[in-house]
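In what follows, chains are A, B, ... by sequence order, proteins preceding strands, each numbered from 1. Computed from heavy atoms alone, side chains included, the values below leave out hydrogens, waters and symmetry copies.
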2 protein chains.
Amino acid sequence: MTTAQRPTLEAVARLAGVSRATVSRVVNGSTTVAQPIQEAVRRAVQELGYVPNLAARSLVTQRTDSVALVMPEEATRVFSDDQVFPGIIRGVSQELEAADKQLVLMLAGSPAGHERVERYTTGRHVDGVLFASLHGEDPLPGMLARLGIPVVCAGRPLGSAEVPYVDVDNVGGVTRAVRHLIGSGRHRIATIAGPQDMVAGIERLTGYREAMAAAGLPVRESFGDFTRESGAAAMRHLLAEHPDLDAVFAASDLMAHAALRTLREAGRRVPEDVAVVGFDDIETAAYTEPPLTTIRQPIVELGRAMTRQLLRMAAGEDIEQALVLPTELIVRESA
Amino acid sequence: MTTAQRPTLEAVARLAGVSRATVSRVVNGSTTVAQPIQEAVRRAVQELGYVPNLAARSLVTQRTDSVALVMPEEATRVFSDDQVFPGIIRGVSQELEAADKQLVLMLAGSPAGHERVERYTTGRHVDGVLFASLHGEDPLPGMLARLGIPVVCAGRPLGSAEVPYVDVDNVGGVTRAVRHLIGSGRHRIATIAGPQDMVAGIERLTGYREAMAAAGLPVRESFGDFTRESGAAAMRHLLAEHPDLDAVFAASDLMAHAALRTLREAGRRVPEDVAVVGFDDIETAAYTEPPLTTIRQPIVELGRAMTRQLLRMAAGEDIEQALVLPTELIVRESA
DNA sequence: TTGTACGCGTTATCAA
DNA sequence: TTGATAACGCGTACAA
């Protein structure tokens, strides 16, 4: 296997009859190079198929032109069936592509994986780090921020760390959903809450409680972890505890989907007997039986927004500590 | 912002009272260093929080310790609702983590994106390239292979290029599904085929045709692009053309899901009037109405296998040109 | 077993 | 406007 030697700046310089420095200037778009020379250099680059060596460039510029996206590995499991995981990646990827930077994806599930992420990111091998879907109080974002490494989180980070984040308006969305239920005559509204070690789970429960309190209605709570399985168990639990319920707000569409099925198995009609509202607006939501009323969150836009914030930080700009994207109630047939 | 200067080999060497070379040897696990010195070096590394500069290392080793995973951007749209996209990523990520290499994810949707991928990968900024879910005859994998850059594809690449790949047994899986339908008394079996510019679409149709021919049954074909929307349209088309059909094999679970709904809207009962079989075994399959009989493909394992092959190539080993993973018929209630 | 010295391919500083 | 030349941080012959 002939490892075809890549052409270097040196080679281009020789072919174009100029110095390395000049070639470098042309490649990096410096304006201080005479037109005819620019063209000669470009021709040589073209002819040789020259591509800059990023390692060499990083060594001197102290930039890597790459950004890490860190996701807990469970995320790919928990969200394996919805669009959150691919959606964030797509948004991040779009913005990075526009900035001509690479996306280094790190799934950090195991403790070993987490340690690896820590080594890699603190080692300044990337220009910035995006965190998605954090569980509990991960100290890593705060640590990186203190090291002066640009960091942005998806969702308000738990704990005291002052790390910039982008989130969706969980509380506002849930409030609208609960009002919608009340407006259609429901008063015995239960919730299947999400995991309380994730900010999305916490805030959606908060939204439910606040909306119910505002209407002077009593709460009926049960908990899941965003998955279908947990949603089914929670729904069964609710039916046993509060057989009189006439509506359910589930903190994820997957749990709502499982609730639909569990209700049917229990002989309850949706929406006649029990109305159901989910959260996310995954594609499946339009295909459930009956189609699911839910709260849409702009997930691709979330990925894009957090990336833009990060790039601005990396460029030395000051950015808003928090950015909240709007959610929207999508009314279908289940409520 | 005090850009805390990272410690270098030099700093560690000074603290440990040895030469840079020795520190380098310890860091890279050379056995030719005296025990007490090793320990002194390790202590110094610990104390300073030394992390090797990857750019500098790449420059001299000619390795980057990173691997690119290239996916057409449409994949994240087409598969936004199933587990293929996250599944492959998870498998790839697991194997790379074990090998202590980074995953550079590149979504190549637009022509500009494709060109960017080409520049990046041919520029040898990664030690190898994984391709997922190719459409049509992409020349890039073959080009990279000829450049001596390790490449592995998910699914047999179309066209003449001799690029190593890992695939699932599409034909075998479909054959089993069709036999299952025939075995339960169905004879007017239609198919909703996948896109014919993707090898998965082509092979699943081939499997259907071969199994039908082997049983001496006539085919009824309609085409989609793996999405629900296209599946619904294809199902309507089939009902119009072949109102007598008593079974449908859809080349993806999403299309099968849409078929279930379309059949119900048309007043057909599943499985009494029409049996339905899908392909993929996405999580939703167990939650459709009725639960979907389908062909499971080991998608995470596909990601792992292709990564192992790539790493072996990158290590200079010879690898099998093709690797085919088994599929499995999962019988639920729809057939 | 350890250290010296060179080179990897770029960018940046300074003269010319 | 252009060209030498010095870093950037590391691995590794080669010498000791």
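Within 3.5 Å, no donor on the side chain of R25(B) pairs with an acceptor on the base of dG11(D), nor the reverse.
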Can you list, pair by pair, the side-chain donor-acceptor contacts under 3.5 Å of residues 12-23 of chain B, counting residues two or more places apart and other chains?
{"residue": "S19(B)", "atom": "OG", "partner": "A21(B)", "partner atom": "N", "Å": "3.4"}
{"residue": "S19(B)", "atom": "OG", "partner": "T22(B)", "partner atom": "N", "Å": "3.3"}
{"residue": "S19(B)", "atom": "OG", "partner": "T22(B)", "partner atom": "OG1", "Å": "3.3"}

If you look only at distance, which donor and acceptor atoms sit under 3.5 Å apart when one is on a side chain in residues 306-319 of chain B and the other is two or more places apart or in another chain?
{"residue": "T307(B)", "atom": "OG1", "partner": "G303(B)", "partner atom": "O", "Å": "2.7"}
{"residue": "R308(B)", "atom": "NH1", "partner": "E95(B)", "partner atom": "OE1", "Å": "3.2"}
{"residue": "R308(B)", "atom": "NH2", "partner": "E301(B)", "partner atom": "OE2", "Å": "2.7"}
{"residue": "Q309(B)", "atom": "OE1", "partner": "R312(B)", "partner atom": "NH1", "Å": "3.1"}
{"residue": "Q309(B)", "atom": "NE2", "partner": "E320(B)", "partner atom": "OE1", "Å": "3.0"}
{"residue": "R312(B)", "atom": "NE", "partner": "E317(B)", "partner atom": "OE1", "Å": "3.1"}
{"residue": "R312(B)", "atom": "NH2", "partner": "D318(B)", "partner atom": "O", "Å": "3.2"}

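Residues satisfying the ring pair (Phe, Tyr, Trp, His ring centres under 6.0 Å) criterion with H125(A), sequence neighbours excluded, are Y120(A).
Atom CG of L59(A) is separated from atom P of dT11(C) by 11 Å (rounded to the nearest Å).
D65(B) pairs in a side chain to side chain donor-acceptor pair (under 3.5 Å) with only one of the listed residues (K101(B), R57(B), Q102(B)), which is K101(B).
DNA chain C lies under 4.0 Å from at least one heavy atom of each of the following residues of residues 27-44 of chain B: T32(B), V33(B), A34(B), I37(B).
Looking at the side chain of T8(B), the nearest of the listed nucleotides dT4(C), dC10(D), dA4(D) is dC10(D).
OP1 or OP2 of dG11(D) sits under 4.0 Å from a side-chain N or O of S24(B).
One axis for each end of the helix from dT1(C)-dA16(D) to dA16(C)-dT1(D), each built from five base pairs, and the angle between them comes to 40° at 10° resolution.
Listed by first then second residue, pairs satisfying ring-ring contact (aromatic ring centres under 6.0 Å, His included) with a partner in residues 147-167 of chain B number zero, not counting sequence neighbours.
Between T64(B) and R124(B), the shortest heavy-atom contact is CG2-O, 4.0 Å.
Between R156(A) and D167(A), no side-chain nitrogen of the basic residue sits less than 4.0 Å from a carboxylate oxygen of the acidic one, so the salt-bridge criterion is not met.
Residues A56(A) and R20(B) both approach DNA chain C. Their nearest nucleotides, taken by heavy-atom distance, put R20(B) toward the 5′ side. The 5' end of DNA chain D is approached more closely, in terms of each residue's nearest nucleotide, by S19(A) than by the other of T22(B) and S19(A).
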